[in-house]
Amino acid sequence: MNLSILPKDLPVPIDDGKCDHLLNTKIPNISLPNQDGNELKLNRNDTFRIILYCYPMTGSPNKKLPENWNSTPGARGCTPQNCSIRDSNDELLSLNAIPIGVTTQTIEDIKEMTVRLKITNDILSDENHKLIKILKLPTFQVEKRTYMKRITMIIENSIIKHVFYPVFPPDLHVKEIIKWLEKN
């Protein structure tokens with residue numbers, strides 16, 4: 001089974017308006033742990049832009065997916081999304097942007113995924129829903145567990161300059177990001 005190829009009948013997420021409030025919002029003074037357990041501050045005034053891409057969950061070959069995961073709009077496709085961003089990392093850096101992923105998965109799950117898939121950018125854990133609550137990010141539930149909906153924010157000097165939502169298809173989304181960065 002090739003995890004980088006998505007089925008053609010994947011359910012398409014709809015824009016429910018739950019990200020309309022984010023454009024031009026200042027990122028709060030918040031830090032989240034990365035795949036190594038190191039806190040990464042998101043409110044920054046660096047010379048580069050941050051591509052903060054939120055996604056529900058990457059699967060693991062050692063764990064069963066939650067019930068009805070593949071039929072939940074916007075759930076499937078996190079592995080191909082992360083791999084496409086990994087494969088475009090040099091181009092993103094050349095556009096003065098650094099990708100950072102965020103998920104509600106544990107640090108241990110994120111570490112396993114980054115090692116297995118050779119992901120070079122930071123992936124942050126919002127397991128305690130700090131970022132979700134502060135920014136009022138959209139979520140969904142499967143098997144009584146809360147997951148982030150797929151959203152990408154381009155952040156410059158701690159201000160959200162662009163929001164991609166909903167993100168679909170996730171494996172091709174990096175092309176949308178690159179196109180926007182080239183124009184802005």
Side-chain angles (χ1 to χ4, degrees), residues 4 6 13 15 18-36 38-58 74-105 107 110-111 113-114 117-127 129-132 134-139 147-184:
S4 65
L6 294 172
D15 187 347
K18 292 187 177 177
C19 289
D20 292 351
H21 66 285
L22 291 171
L23 192 61
N24 295 316
T25 297
K26 185 172 182 168
I27 294 293
N29 190 14
I30 185 172
S31 297
L32 295 173
N34 70 1
Q35 66 278 359
D36 297 318
N38 299 322
E39 294 285 321
L40 184 70
K41 184 178 176 182
L42 292 177
N43 179 304
R44 310 168 65 102
N45 290 317
D46 296 309
T47 58
F48 56 83
R49 296 180 278 194
I50 294 174
I51 304 163
L52 192 65
Y53 66 101
C54 304
Y55 64 91
M57 175 191 80
T58 51
R76 188 165 176 184
C78 301
T79 296
Q81 181 182 14
N82 271 293
C83 290
S84 67
I85 289 171
R86 174 202 64 204
D87 296 345
S88 300
N89 194 52
D90 289 344
E91 188 170 3
L92 295 170
L93 291 174
S94 75
L95 294 167
N96 198 36
I98 295 177
I100 299 172
V102 183
T103 180
T104 56
Q105 289 179 274
I107 294 168
I110 294 169
K111 182 66 173 181
M113 180 274 296
T114 57
L117 300 177
K118 298 177 176 57
I119 302 298
T120 54
N121 56 278
D122 280 312
I123 306 291
L124 308 180
S125 173
D126 194 24
E127 182 181 14
H129 303 167
K130 283 173 45 177
L131 187 65
I132 288 171
I134 290 173
L135 288 180
K136 298 181 178 102
L137 298 178
T139 61
Y147 298 93
M148 300 175 118
K149 286 191 176 182
R150 200 179 309 275
I151 174 176
T152 300
M153 296 169 273
I154 308 294
I155 303 166
E156 188 174 341
N157 292 318
S158 298
I159 304 294
I160 300 171
K161 295 294 188 177
H162 191 75
V163 178
F164 295 95
Y165 178 81
V167 170
F168 190 84
D171 57 330
L172 301 177
H173 176 53
V174 73
K175 292 179 182 183
E176 287 180 288
I177 295 169
I178 290 168
K179 186 176 178 181
W180 188 90
L181 290 170
E182 287 174 339
K183 290 182 177 181
N184 296 280

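The basis for the numbers below is simple: all heavy atoms, side chains too, and nothing from hydrogens, waters or symmetry mates.
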Chemist: What pair of heavy atoms forms the shortest contact from His21 to Lys136, and how long is it?
Modeler: CE1-O, 3.3 Å
Chemist: Which atoms form the tightest heavy-atom contact between Val167 and Pro13, and what is the distance?
Modeler: O-CG, 4.1 Å
Chemist: Would you mind reporting whether Thr152 and Ile51 have side-chain heavy atoms less than 4.5 Å apart?
Modeler: yes
Chemist: Give, for atom CG of Leu131 and atom OG1 of Thr103, the distance between the pair rounded to the nearest 0.5 Å.
Modeler: 11.5 Å
Chemist: I want to check something: taking the side chain as every heavy atom from C-beta on, are Thr104 and His129 in contact at a cut-off of under 4.5 Å?
Modeler: yes
Chemist: Hey, are the side chains of Ile154 and Phe164 touching, using non-hydrogen atoms and a 4.5 Å cut-off?
Modeler: yes
Chemist: Nearest 0.5 Å, what's the OG1-CD1 distance between Thr139 and Ile132?
Modeler: 6.0 Å
Chemist: Taking the side chain as everything from C-beta on, heavy atoms only, tell me whether Ile159 gets closer than 4.5 Å to Thr25.
Modeler: no
Chemist: If only atom types and distance count, is the side chain of Arg150 paired as donor or acceptor with the main-chain N or O of Gly74 below 3.5 Å?
Modeler: yes
Chemist: Assess the side chains of Asn43 and Ser158: does a donor N or O sit below 3.5 Å from an acceptor N or O?
Modeler: yes
Chemist: What's the shortest heavy-atom distance between Cys54 and Met153, and which atoms?
Modeler: SG-CE, 3.9 Å
Chemist: Val174 versus Leu92: any side-chain heavy-atom pair under 4.5 Å?
Modeler: yes
Chemist: With no hydrogens and no angle check, do the side chains of Asn82 and Tyr53 hold a donor and an acceptor under 3.5 Å apart?
Modeler: yes
Chemist: Return the minimal non-hydrogen interatomic distance between Leu42 and Ile50, and the atom names on each side.
Modeler: O-CD1, 4.2 Å
Chemist: Specify the closest pair of heavy atoms between Gln105 and Tyr55, including all atoms of both residues, with the distance to one decimal.
Modeler: OE1-CE1, 4.1 Å
Chemist: Are the side chain of Ser88 and the backbone N or O of Ile85 linked by a donor-acceptor pair below 3.5 Å?
Modeler: no
Chemist: With distance as the sole test, does Asn96 use its side chain to make a donor-acceptor pair with the main-chain N or O of Thr47 at under 3.5 Å?
Modeler: yes
Chemist: Between atom CD1 of Ile177 and atom CD of Glu91, what is the distance when rounded to the nearest 0.5 Å?
Modeler: 11.0 Å
Chemist: For the residue pair Cys19 and Pro138, establish whether any side-chain heavy-atom pair is separated by less than 4.5 Å.
Modeler: yes
Chemist: Could you tell me whether the side chain of Asn184 and the main chain of Trp180 form a donor-acceptor pair under 3.5 Å?
Modeler: yes
Chemist: When rounded to the nearest 0.5 angstrom, what distance separates CD1 in Ile107 from CD1 in Ile123?
Modeler: 13.0 Å
Chemist: Could you tell me if the side chain of Glu39 sits less than 4.5 Å from the side chain of Pro33, heavy atoms only?
Modeler: yes
Chemist: More than 12 heavy atoms of other residues, nucleotides or ligands under 6.0 Å from NZ of Lys175: yes or no?
Modeler: no
Chemist: Does Ile151 form a side chain to side chain contact (heavy atoms under 4.5 Å, CB included) with Val163? I'd like the steps, not just the answer.
Modeler: CA-CA 7 Å; Ile151 174 176; Val163 178; 3.8 Å; yes
Chemist: Would you mind reporting whether Val102 and Leu137 have side-chain heavy atoms less than 4.5 Å apart?
Modeler: no
Chemist: About how many Å separate CG of Leu32 and CG of Asp122, when rounded to the nearest 0.5 Å?
Modeler: 11.0 Å
Chemist: Using 0.5 Å steps for rounding, measure from the CD1 atom of Ile134 to the CD1 atom of Ile27.
Modeler: 9.5 Å
